[in-house]
Amino acid sequence: MIEFVRNVRLWFAPQEVRQEGRTPDYRFSLANERTFLAWLRTALALIGGGFAVDQFLPGLRWAWRVGLALALLGSGVLCSLRAINHWVRCERAMRRGEDLPASRFPAVLSLAVAVVAVAMVVVVLVGWAG
């Protein structure tokens, strides 16, 4: 938990990350940044999907519509927070010469999206209207 709090502080002080260890090959730092941006694009897509479910499926039962929208919106929020935290953790590991950090988040996000997708397939097939 203390490491997470330290990482949150580093989200807003990237110059402190640069003070650790040695500067890695710039290609690795740029790859880390591209990965960060890919996670942000994923977060934006999830957030957009959440708004789309809420706005463009008015005939869907309220509980289903809100539940699916909130699941997508929540996943988007978590994905965006994970993006910056992972960027900091990877940058620090590269500078220290350590292995890159492992994470279960991709598996958890994949399962969450799969559950929402299955729920939407059920809604489409059964045609639950409000």
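When all heavy atoms of Val123 and Trp64 are compared, the pair lying nearest together is CG2-CE3, 3.6 Å. Between Leu100 and Met94, the shortest heavy-atom distance links the atoms CD2-CG, 3.8 Å. The nearest pair of heavy atoms linking His86 to Pro101 is CE1-O, 4.1 Å. Shortest non-hydrogen contact noted between Ala119 and Leu68 is CB-CD2, 3.6 Å. Contact between Ala43 and Gly76 at its shortest, heavy atoms only, is CB-O, 3.3 Å. Here the closest heavy-atom approach between residue Glu20 and residue Arg92 is recorded as OE2-NE, 3.0 Å.
Under the 4.5 Å side-chain contact rule for hydrophobic residues, Leu78 and Val116 share a cluster. In the hydrophobic clustering of this structure, Val108 does not group with Leu81; members are Ile, Leu, Val, Met, Phe, Trp, Tyr whose side-chain heavy atoms approach within less than 4.5 Å, directly or through other members. No chain of hydrophobic side-chain contacts below 4.5 Å, direct or via other Ile, Leu, Val, Met, Phe, Trp or Tyr residues, connects Phe56 to Leu60. Under the 4.5 Å side-chain heavy-atom criterion for grouping Ile, Leu, Val, Met, Phe, Trp and Tyr, Leu72 is connected to Phe105 within one hydrophobic cluster. Val53 and Val115 are members of different hydrophobic clusters when ILVMFWY side chains are connected at heavy-atom separations under 4.5 Å.
Within 6.0 Å of CG on Asp25 lie more than 12 heavy atoms contributed by other residues, nucleotides or ligands. Counted within 6.0 Å of CZ on Phe28, heavy atoms from surrounding residues, nucleotides or ligands total 12 or fewer; the atom is thus considered open.
Atoms CD1 and CG, from Ile84 and Asn7 in turn, are 9.5 Å apart once rounded to the nearest 0.5 Å. How far CZ of Arg82 is from OG of Ser75: 13.5 Å, rounded to the nearest 0.5 Å. The structure places OG1 of Thr42 at 10.5 Å from CG of Leu37, a figure rounded to the nearest 0.5 Å. To the nearest 0.5 Å, atoms CG (Asp54) and CH2 (Trp62) are separated by 10.0 Å.
Just one residue in the list Ile47, Leu109, Leu44 forms a side chain to side chain contact (heavy atoms under 4.5 Å, CB included) with Cys79, and that residue is Leu109.
Residues Val88 and Trp11 have side chains in contact (heavy-atom distance under 4.5 Å, counting atoms from C-beta outward). Side-chain contact between Arg18 and Arg95: present, with at least one pair of heavy atoms (C-beta onward) separated by less than 4.5 Å. In this structure, Glu91 and Leu10 have side chains that are not in contact, with every pair of non-hydrogen atoms separated by 4.5 Å or more.
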